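Encoded as structure tokens, the structure appears first; notes follow it.
Values in this document were obtained by computation on a predicted structure and should not be read as measured data. All values below come from the heavy atoms of this structure, side chains included, with hydrogens, waters and symmetry mates left out.
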Amino acid sequence: MSKVVLSILVNNTSGVLSRVVGLFSRRGYNIDSVSAGETEDSKYSRLTVAVTGDDIILDQIKKQVSKLEDVKSVKELADNHSVYRELVLVKVRATRDDLQTISAIADIFRGKIDDISDDSMIIEMTGNQTKVDVLIERMEGYGIEVLELVRTGITGLERGYED
């Protein structure tokens, strides 16, 4: 089983995300993460979909997605030729004694404190999936309780320029 990240360029039309995701569910394929947004040209949106499967399943996914009416292109984003990022918001329990530790950990990961309340803090951080995982591990390693978190899923672009 291998994991691939697909960059899918689609017409920016109503229901296009539903149709693409519906194709996965109808065929029993699991999506690890999906992110979607308008491109530099408002006529198009880009979906970044991370999926896991064997080579046959992954090839089938790419072929089936390519056949959809609103899909303009499907590219597999290779690890060594692409930039991936994910945004995470992490709410941690925070006492007065924890504030410096939490702030220092956030700084190391180039995160920022977005909110502080009497008993918790919310940290925002952007990075690759490994960096996000390590931030969470470090918090827990210092005894900081993670109360809630939300991840956007992978988004990415291929390096360089191709016409």
Side-chain angles (χ1 to χ4, degrees), residues 1-92 104-114 122-141 146 148-163:
M1 297 289 263
S2 49
K3 184 175 187 171
V4 297
V5 178
L6 301 176
S7 178
I8 306 168
L9 187 65
V10 296
N11 289 326
N12 190 7
T13 58
S14 166
V16 70
L17 176 61
S18 178
R19 287 188 292 281
V20 172
V21 170
L23 179 138
F24 283 81
S25 66
R26 282 191 306 277
R27 286 167 177 72
Y29 303 141
N30 188 43
I31 295 174
D32 298 327
S33 77
V34 63
S35 65
E38 197 174 89
T39 67
E40 69 284 352
D41 183 342
S42 62
K43 294 187 300 188
Y44 302 106
S45 289
R46 185 172 314 280
L47 311 179
T48 307
V49 181
V51 293
T52 303
D54 61 32
D55 291 341
I56 295 169
I57 288 174
L58 296 173
D59 189 52
Q60 190 69 19
I61 288 171
K62 289 183 261 187
K63 287 178 181 175
Q64 294 295 319
V65 170
S66 295
K67 291 180 184 179
L68 292 173
E69 184 177 329
D70 286 317
V71 173
K72 295 299 171 197
S73 70
V74 177
K75 286 184 183 177
E76 183 177 333
L77 298 179
D79 287 338
N80 56 347
H81 288 49
S82 304
V83 176
Y84 305 129
R85 292 294 179 266
E86 183 175 25
L87 169 70
V88 64
L89 296 175
V90 183
K91 184 189 296 183
V92 296
I105 294 170
D107 286 346
I108 289 168
F109 288 90
R110 292 193 178 114
K112 67 177 192 169
I113 308 299
D114 277 348
I122 296 177
I123 301 160
E124 172 189 330
M125 204 257 317
T126 303
N128 62 37
Q129 284 186 310
T130 303
K131 184 177 175 183
V132 171
D133 292 340
V134 172
L135 168 73
I136 295 162
E137 288 172 14
R138 292 296 172 260
M139 286 291 175
E140 292 170 343
V146 175
E148 290 182 81
L149 70 87
V150 63
R151 298 171 84 148
T152 60
I154 297 171
T155 192
L157 286 174
E158 195 171 44
R159 287 190 170 109
Y161 175 75
E162 283 186 33
D163 198 22

Keeping [X] on the side-chain end and [Y] on the backbone end, is there a donor-acceptor pair under 3.5 Å?
X	Y	value
Y84	L77	yes
K131	F109	yes
N12	S45	no
T39	R46	no
T152	E86	no

Nearest-0.5 Å distance, [atom1] of residue [X] to [atom2] of residue [Y]:
X	Y	atom1	atom2	value
N80	R159	CG	CZ	8.0 Å
I8	K72	CD1	NZ	14.0 Å
K43	T13	NZ	OG1	13.0 Å
M1	T52	CE	OG1	6.5 Å

With heavy-atom distances below 4.5 Å as the criterion, would you say the side chains of [X] and [Y] are in contact?
X	Y	answer
I154	Q129	yes
L157	V83	no
D133	R151	yes
I61	L6	yes
N11	V16	no
D114	K112	yes
L58	E76	no

Which pair of non-hydrogen atoms, one from [X] and one from [Y], has the smallest distance, and what is that distance?
X	Y	answer
G153	S33	CA-CB, 3.7 Å
L23	Q64	CD1-O, 3.5 Å
D54	I57	OD1-N, 2.8 Å

Sole candidate of V34, V51, N30 that passes side chain to side chain contact (heavy atoms under 4.5 Å, CB included) when paired with F24: V51
Qualifying residue for side chain to side chain contact (heavy atoms under 4.5 Å, CB included) with R19, from D70, V10, V71: D70
Can you establish whether the number of heavy atoms outside [X] located under 6.0 Å from its atom [atom1] is more than 12?
X	atom1	answer
K62	NZ	yes
R110	CZ	no
D55	CG	no

Trace of the side chain to side chain contact (heavy atoms under 4.5 Å, CB included) decision for M125 with V90: CA-CA 8 Å; M125 204 257 317; V90 183; over 6 Å; no
